[in-house]
Amino acid sequence: METILYGSGDGDLDEVREIVEARLGVRLEPRESSYKGGDYFGADLAGGEVVTVMDNRVPDEDGEVLRPDHASYRTLVVLDETDRGDELVAALSGESRLRMLEREQW
């Protein structure tokens, strides 16, 4: 199992959602969570895999971000609880608007 984090410095939430949907062949649904900073998009896939696209900026907060270690990235993509890391990375590779920030196996 692993978690993979991507970031987009200039793509907004909807633009990054469209990229992820097209590249991974999934449908991301609108969701809301105060833990994730408000509105985001997500999908729960087979085997417990979770795909999340969320804004790194906290709404109504002056410059606060969810992931300060990646503050320069406007939008984040989290691929969590996956056994298909190499497959997902290959699907997202070559997309100039996304950059892999972290990849953690456990």
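Hydrophobic clustering (ILVMFWY, side-chain heavy atoms < 4.5 Å, transitive): Leu101 and Tyr6 are in distinct clusters. Cluster membership check: Val53 does not share its hydrophobic cluster with Tyr40, using side-chain heavy-atom separations under 4.5 Å among Ile, Leu, Val, Met, Phe, Trp and Tyr. Ile4 is not connected to Tyr73 by any chain of hydrophobic side-chain contacts under 4.5 Å among Ile, Leu, Val, Met, Phe, Trp and Tyr, and they are in different clusters.
Distance check, rounded to the nearest 0.5 Å: CZ of Phe41 to CG of Leu13 gives 5.0 Å. Summarising the geometry, atom CD belonging to Glu81 is positioned 6.5 Å from atom OG1 belonging to Thr3; distances are rounded to the nearest 0.5 Å.
Trp106 forms part of a hydrophobic cluster together with Met1, judged by ILVMFWY side-chain heavy-atom separations under 4.5 Å.
In this structure, Asn56 contributes its side chain and Arg67 its backbone to a donor-acceptor pair below 3.5 Å. In this structure, Ser8 contributes its side chain and Leu98 its backbone to no donor-acceptor pair below 3.5 Å.
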Salt bridge (Lys or Arg N to Asp or Glu O under 4.0 Å) between Arg74 and Asp10: does it pass, once the steps are laid out?
CA-CA 6 Å; Arg74 177 178 178 182; Asp10 60 352; over 6 Å; no

Asp55 vs Thr75, test: side-chain hydrogen bond (donor to acceptor under 3.5 Å, both in side chains). Steps then yes/no.
CA-CA 5 Å; Asp55 197 328; Thr75 306; 5.2 Å; no

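A salt bridge links Arg103 with Glu2: the distance from a Lys NZ or Arg NE/NH1/NH2 to an Asp or Glu carboxylate oxygen falls below 4.0 Å.
For the pair Val89 and Met100, the minimum side-chain heavy-atom distance is below 4.5 Å. Contact annotation: the side chain of Asp80 never approaches that of Thr52 to less than 4.5 Å [non-hydrogen atoms, C-beta and beyond].
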Side chains of residues 16-31: which donor-acceptor pairs under 3.5 Å do they make with residues two or more places apart or in other chains?
from  : atom 1 : to    : atom 2 : distance (Å)
Arg17 : NH1    : Glu21 : OE1    : 2.9
Glu21 : OE2    : Arg27 : NH1    : 3.2
Glu21 : OE2    : Leu28 : N      : 2.9
Arg23 : NH1    : Ala91 : O      : 3.3
Arg23 : NH1    : Ser93 : O      : 3.1
Arg23 : NH2    : Glu95 : OE1    : 3.4
Arg31 : NH2    : Asp44 : OD2    : 3.3

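Partners of Arg84 by side-chain hydrogen bond (donor to acceptor under 3.5 Å, both in side chains), not counting sequence neighbours, listed by chain and number: Glu49, Glu87.
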